[in-house]
Novice: 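What follows is a single structure, and I will ask about it in a moment.
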There are 2 protein chains.
Amino acid sequence: MKKTNPTLAEIARVAGVSMMTASRAVNNQPGVSDEKRAEILRIADDLGYVANRAAQRLSGGRSHVIGVIAQLHTLFTSELVLGIGSAGRAANYEMLVYSLSDADNRPPGPILDLLSQIVDGVIVILPFQSDYLASLSNAKLPIVTIDEGNDAPFPKIMTDNYQGARLAIEHLAALGHRRIGFIAGNEGLASARDRARAFHDMRAQLGLDADPELVVHGNFMQQGGFLAAQRLMRLAEPPTAIFAANDMSAVGAMAAIRESKRSVPQDISLIGFDDVSVANHVHPALTTIRQPLTQMSRAAVNTLLAMISGIAPPAERILLSPELVARESTAAPPLEKLSQKPGRKGMTR
Amino acid sequence: MKKTNPTLAEIARVAGVSMMTASRAVNNQPGVSDEKRAEILRIADDLGYVANRAAQRLSGGRSHVIGVIAQLHTLFTSELVLGIGSAGRAANYEMLVYSLSDADNRPPGPILDLLSQIVDGVIVILPFQSDYLASLSNAKLPIVTIDEGNDAPFPKIMTDNYQGARLAIEHLAALGHRRIGFIAGNEGLASARDRARAFHDMRAQLGLDADPELVVHGNFMQQGGFLAAQRLMRLAEPPTAIFAANDMSAVGAMAAIRESKRSVPQDISLIGFDDVSVANHVHPALTTIRQPLTQMSRAAVNTLLAMISGIAPPAERILLSPELVARESTAAPPLEKLSQKPGRKGMTR
DNA sequence: ATAAATAACGTTAGCGCTAACGTTAATGAT
DNA sequence: ATCATTAACGTTAGCGCTAACGTTATTTAT
């Protein structure tokens, strides 16, 4: 049980070669004969050599570590981070996460500077502040953003929010709903705007009820969804279905609907967006639009690694397609469409 | 908009002092006159100096970064990580997270080696593998564990699981329940064992029904809780209340109870453990035992920082007290205690 | 057979920083 | 007036590693 781990110098000494040869061998670079390479790798493995990434980076090389800046407040973000970790590891890259707390408003500059001392590139996941990165074109460090960051000069990996929202409305319309309420998201976010735009477009296209009262404002959070749905439930003619701009809003809405003595989906259908894991925990399980988490993280890592290798990013903007996940919170509208009362029991679907 | 950030050498040059003096100034160490110190700090600030932690650590100093090894799969863990971040920042320490995916079984050694090159100490959060760390007494790097890790030779920050489970049973007993089911957790975990022990002790102490059928095994996950509760519901004489060893089990149990056409809390009371955020999202909101997240993370950081400063850890084991969070899933048992049927309709809830 | 190209190495210098040990001048003790 | 002490600095060396440029043998072209 050795106390301290061996350095490259020790490997080199044991193998009877220079440090550079050892370095080339362990980094899989040319300039070493096959036998020597094998020998060095064997020794490195025997001695439990772990390269010092900090030193690698310090001396101008690659550390083979990628950084992630994220707010870990939502499971959605955490799952994205996990996906990035796997994708990175598959490419022989380690991942380190800088957790941004929403409470502190530390400027992004120093954080990136800190990370740049260790990592070769950074993936930024910022669901809540669109202009966060706009300022810093550090240029030194490859950066890729996920989800938002429209104005930032970095490649962006995004879900096609417009398309996703269309799927949601199409699903509701196909079930027979003509009067659909919409709980909007945080207006400052491009994702929220895209979803709202799709809602309005589809409503016009399908000739659904276009009552302005049917659009209420949420904030992407549970509480906002609750209040918004309350307003919808108090309308003279409430909608038969509600599209919430994200799952947490939908969860809040569900409570408000229940509070108004109506049930989901018998009286009101409800659909969310994201497919966070809570969506499957609530009762009834929430029908929603799934963001392709795995694809997103893989795309982000691939783009970043390309940039690290000096290849120009394949695209400034990669749009991934979401999909409908039909669960239990949506159904056909009640037959007596005008019924505002709890009505109709026993409808199994 | 400068491209690359200044180094200590530049600060020193501009200030007309040696690097060491600049180093001492920015690191708040003695040996610099007040005027020079102020001057240097001003210049450093002007130039946007960000210390290179990797280099600091390389040269034998402190990087003022702490590492966290965690599985980000549960919100509980994420929230703990967030807490550690705040606590660290309050002490002027940055935090970097190494996200352990449950899929990969990478040995902990190299991960710690990697982190040790950057951070001054590590906090390990391991809800699911108790013996993970037992092997590595790296000794070089201060380590603190949270939640589990009983056999590891490091200071541990834990919730008093025994006390928490007692609170849960006391709460149920106070409501009038005499026949309480228990969904046990993962036997391999000390936390699960402590909770089970408290259940048995309290049951004996309060003279509750001690039918062995009332104890069923879960696995700390939703699915396990579901199956366990199903078995309880099929008993000839089901319990009037269930204590699930954690919240996710309780959420699963809730679905099983509902499936058996009984309602929570009218027919069956249900209490969980942890107070993860889902507990507040389910309907009815789950009564549970809250783990003192903030205190835990603060204690972990304080202990770690003490160890980093060379002070012996204040205690090998810090036990924090959980508290009861009474929400909607618990109530007095139905009056006709023997009723095995769905019973009691007309309840608006 | 000889110059030119290549492969397989080794050397030097330096990334940004800090321990550890100088050096210098000012202060205090006797 | 002389020596010890202290505060405020500066110098040297080195953490672990890798570019960039040697150096040497070996091959290939002509």
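In what follows, every heavy atom counts, from backbone to side chain, and hydrogens, waters and symmetry copies are set aside. Here is how names work: the chains are called A, B, and so on, in the same order as the sequence lines, proteins then strands, and each is numbered from 1.
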Novice: Write down the distance between CD1 (A:I118) and P (D:dG16), rounded to a whole number of angstrom.
Specialist: 17 Å

Novice: Quick one: is A:S23 getting a side-chain N or O under 4.0 Å of the D:dT18 phosphate, OP1 or OP2?
Specialist: yes

Novice: Does B:V81 reach the side chain of B:L72, with side-chain heavy atoms less than 4.5 Å apart?
Specialist: yes

Novice: Any heavy-atom pair between the side chains of B:L80 and B:M296 that's under 4.5 Å?
Specialist: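 A side-chain contact under 4.5 Å exists here.
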
Novice: D:dG16, C:dC17, D:dA19: which one has an atom nearest the side-chain heavy atoms of A:M20?
Specialist: D:dA19

Novice: Distance-only, no hydrogens or angles: does the A:D120 side chain make a donor-acceptor pair with backbone N or O of A:S63 under 3.5 Å?
Specialist: yes

Novice: Rounded to whole Å, how long is the line connecting atom CG of B:D113 with atom P of D:dG16?
Specialist: 13 Å

Novice: Indicate the atoms forming the closest heavy-atom contact of A:Y49 with A:P6, along with that distance.
Specialist: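 What the structure gives for the nearest pair is CD1-O, 3.4 Å.
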
Novice: Using a 6.0 Å cut-off, check whether atom CZ of B:R37 has over 12 heavy atoms from anything other than its own residue.
Specialist: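 More than 12 heavy atoms, drawn from other residues, nucleotides or ligands, come within 6.0 Å of this atom.
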
Novice: Yes or no on side chain to side chain donor-acceptor pair (under 3.5 Å) for A:S321 and A:D160, after CA distance, side-chain angles and deciding distance?
Specialist: CA-CA 5 Å; A:S321 298; A:D160 191 337; 5.6 Å; no

Novice: Measure from the side-chain heavy atoms of A:Q56 and tell me the nearest of D:dT18, C:dT18, C:dG16.
Specialist: D:dT18

Novice: Between B:E39 (CD) and D:dA8 (P), how many Å, whole number?
Specialist: 17 Å

Novice: Rounded to whole Å, please give me the gap between NE2 in B:H64 and C1' in C:dC17.
Specialist: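 Rounded to whole Å, this separation is 13 Å.
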
Novice: May I ask you to test the A:I157-A:I123 pair for a side-chain heavy-atom distance under 4.5 Å?
Specialist: no

Novice: In degrees, rounded to 10°, what is the bend between the two ends of the helix from C:dA1-D:dT30 to C:dT30-D:dA1, using five pairs at each?
Specialist: 30°

Novice: Given atom CG of A:L8 and atom P of D:dG16, what is their separation to the nearest angstrom?
Specialist: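 After rounding, the reported distance stands at 10 Å.
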
Novice: Nearest whole Å is fine: how far is D:dT18 P from A:M19 CE?
Specialist: 7 Å

Novice: If the cut-off is 4.0 Å, is B:N27 near the phosphate of C:dT18, judged by side-chain N/O to OP1 or OP2?
Specialist: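 Yes, because at least one side-chain N or O of B:N27 sits under 4.0 Å from OP1 or OP2 of C:dT18.
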
Novice: When you compare the side chain of B:I318 with that of B:M158, does any pair of heavy atoms fall below 4.5 Å?
Specialist: no

Novice: If each of A:V26 and B:G16 is mapped to the nucleotide of DNA chain D with the nearest heavy atom, which maps nearer the 5' terminus, i.e. the 5' end?
Specialist: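 Comparing both residues, the 5'-ward one is B:G16.
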
Novice: Nearest heavy-atom pair of A:M95 and B:S99: which atoms, and what distance?
Specialist: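 In terms of heavy atoms, the two residues are closest at CE-CB, 3.8 Å.
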
Novice: Grab the CG-P distance between B:L58 and C:dG14 for me, whole Å please.
Specialist: 18 Å

Novice: Please list, pair by pair, any protein nitrogen or oxygen found under 3.5 Å from a nitrogen or oxygen in nucleotides 6-9 of chain C.
Specialist:
{"residue": "C:dC9", "atom": "OP1", "partner": "A:K36", "partner atom": "NZ", "Å": "3.0"}
{"residue": "C:dC9", "atom": "OP2", "partner": "A:S33", "partner atom": "N", "Å": "2.7"}
{"residue": "C:dC9", "atom": "OP2", "partner": "A:S33", "partner atom": "OG", "Å": "2.7"}

Novice: Answer yes or no: is there an ion pair linking B:E39 with B:K36, defined by an N-O contact shorter than 4.0 Å?
Specialist: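 Result for this pair is no, no salt bridge flagged.
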
Novice: With respect to the side chain of A:Y49, which nucleotide from C:dC15, D:dC17, C:dC17 is positioned closest?
Specialist: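 Closest nucleotide among those given: D:dC17.
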
Novice: Are there any protein N/O atoms within less than 3.5 Å of an N/O atom in nucleotides 22-24 of chain C, and if so, which ones and at what distance?
Specialist:
none

Novice: Is the shortest side-chain heavy-atom distance between A:E79 and A:V276 below 4.5 Å?
Specialist: no

Novice: So, the side chain of A:R57 versus the backbone of A:V119: is there a donor-acceptor pair under 3.5 Å, distance only?
Specialist: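 Checking the backbone N and O of A:V119 against the side chain of A:R57, a donor-acceptor pair under 3.5 Å is found.
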
Novice: Nearest whole Å is fine: how far is D:dC17 C1' from A:Q29 CD?
Specialist: 12 Å

